[in-house]
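As structure tokens, the structure follows; a few thoughts come after it.
Throughout, protein chains are lettered first and strands after them, A, B, ... in sequence-line order, and every chain is numbered starting at 1.
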There are 2 protein chains.
Amino acid sequence: MNVARPLAQLIGELERLPGVGPKSAQRLAYHVLRMTVEDVQRLSDALCQAKELLKLCEACQNVSAEPLCEICRDARRDPHIICVVSEPRDIAALERVNEFKGHYHVLHGLLSPMDGVGPEQLKMRELIERLRGEIHEVILATNPTLEGDATALYLAKLIKPIGIKVTRLAHGMPVGAELDYADSATLMSALQYRREM
Amino acid sequence: MNVARPLAQLIGELERLPGVGPKSAQRLAYHVLRMTVEDVQRLSDALCQAKELLKLCEACQNVSAEPLCEICRDARRDPHIICVVSEPRDIAALERVNEFKGHYHVLHGLLSPMDGVGPEQLKMRELIERLRGEIHEVILATNPTLEGDATALYLAKLIKPIGIKVTRLAHGMPVGAELDYADSATLMSALQYRREM
């Protein structure tokens with residue numbers, strides 16, 4: 001059976017979103033039909049407005065509605081430390097911890113030669129340019145994955161010669177985890193980087 | 001940290017969709033920012049158009065862009081058998097089987113007194129009205145759940161006195177399932193409704 005065309009179209013568009021399979025696209029589409037006209041309009045507007053109004057912060061490349069993002073505009077933050085992350089959402093994760101009070105830099109990806117992502121595809125040039133200012137430390141907070149590690153290594157080799165301290169987030173056991181369930185790579189890191197008490 | 005307002009708004013709207021938690025709303029929102037303007041526009045239009053153009057079929061209450069849906073307009077289908085389902089998506093599931101060639105009727109829900117869903121909240125009146133025509137059989141294809149069974153029972157009591165044959169989808173072991181993993185209610189049904197070979 002062919003479902004009605006506007007419905008098929010909506011299902012098709014929803015299916016293109018990440019993590020939305022044919023089944024959930026269908027479920028979402030039928031949900032949209034049950035929503036009020038106002039709610040659908042609000043969702044539709046939010047999509048267009050987000051795309052239209054949001055740009056990248058000129059300094060840190062975070063998503064921002066202003067030329068400079070909220071963090072870069074915040075005078076109380078330490079401009080001498082830059083924490084490098086892969087994605088804008090990583091900033092939100094780190095901000096929730098409320099520990100880091102410096103600035104950020106978003107690479108918008110990780111080095112992945114297999115997928116054709118080299119240094120030019122990432123916001124690395126913009127990062128290096130920022131290092132001309134008075135930067136004391138660059139924290140490499142890319143994910144502890146193969147690509148995250150490779151990207152961190154690449155950046156470290158690039159930045160250390162400038163004479164800036166380069167650090168990396170600690171690897172180890174997640175707080176609250178059980179040794180029994182930890183994968184061996186994590187356990188190995190936890191052993192290698194063990195601290196004296 | 002507050003994310004940029006248009007982004008927060010989009011995340012908020014996405015979070016209201018079923019099955020979309022805060023985490024996936026965030027992920028979807030950032031994905032939207034990476035989509036092309038045209039793709040976002042198409043998604044946004046599909047939402048509004050689906051809501052605007054789709055109505056319920058005047059006969060079977062299925063979702064349709066026309067006053068009568070594709071199935072109700074199809075002259076090759078048997079108008080004497082009506083298969084009653086809970087949701088429009090159930091029609092798609094049954095049509096995939098390619099076995100049933102009659103008409104459908106969508107209740108848009110199931111009886112659930114706890115949630116305040118009585119017969120008036122469902123498209124039951126519309127179903128009873130259709131039975132005035134020459135209907136030979138009503139197949140009750142609501143889900144084999146507590147509410148689906150209750151709804152089927154209610155309808156059977158309503159329809160049988162009119163003198164129309166009322167049937168229900170067979171309960172039993174799903175094809176390809178293992179006895180070992182079947183729940184006892186299913187096994188009990190499978191035993192009760194066992195067939196001679």
From the list R89(B), Q26(B), Q9(B), the residue making the most non-hydrogen contacts under 4.5 Å with chain A is R89(B)
Of the listed C69(B), P18(B), G19(B), the one with the largest count of heavy-atom pairs under 4.5 Å with chain A is P18(B)
Over 12 non-hydrogen atoms of neighbours within 6.0 angstrom of [atom1] in [X]:
X       : atom1 : result
E120(B) : CD    : yes
L68(A)  : CG    : yes
K160(B) : NZ    : no
R73(B)  : CZ    : yes
I128(B) : CD1   : yes
K165(B) : NZ    : no

Checklist line | Partner set under salt bridge (charged side-chain N to carboxylate O under 4.0 Å, His left out) for R130(B), not counting sequence neighbours | finding: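 By the salt bridge (charged side-chain N to carboxylate O under 4.0 Å, His left out) rule, R130(B) matches no residue at all.
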* Looking at L28(A), L10(A), V32(A), which one has more heavy-atom pairs under 4.5 Å with chain B than the rest? ->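 Maximum pair count with chain B is reached by L10(A).
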Per-residue tally against chain B (heavy atom, under 4.5 Å) across M35(A), E13(A), R34(A) peaks at E13(A)
Fill in: Pairs involving residues 45-100 of chain A, ordered by first then second residue, that meet ring-ring contact (aromatic ring centres under 6.0 Å, His included) (sequence neighbours left out)
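For residues 45-100 of chain A, and leaving out neighbouring residues, the ring-ring contact (aromatic ring centres under 6.0 Å, His included) pairs sorted by first residue read H80(A)-H136(A), F100(A)-Y104(A).
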_Atom group of E87(B) that falls short of 4.5 Å from chain A, counting heavy atoms_ =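 Contact with chain A: side chain only.
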| request: Using heavy atoms and a sub-4.5 Å threshold, report which of residues 39-55 of chain B line up against chain A, by residue number. | output: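 Only D39(B), V40(B), Q41(B), R42(B), L43(B), S44(B), A46(B), L47(B), C48(B), Q49(B), A50(B), K51(B), L53(B), L54(B) of residues 39-55 of chain B have a heavy atom under 4.5 Å from chain A.
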Sequence-distant partners of S24(A), side-chain contact (heavy atoms from CB on, under 4.5 Å), two or more places apart
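Partners of S24(A) under the side-chain contact (heavy atoms from CB on, under 4.5 Å) test: V20(A).
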Next item on the list: Mind listing the closest non-hydrogen atom pair of A4(B) and S64(A) along with its distance?
Entry: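 Here A4(B) and S64(A) meet closest at CB-CA, 4.1 Å.
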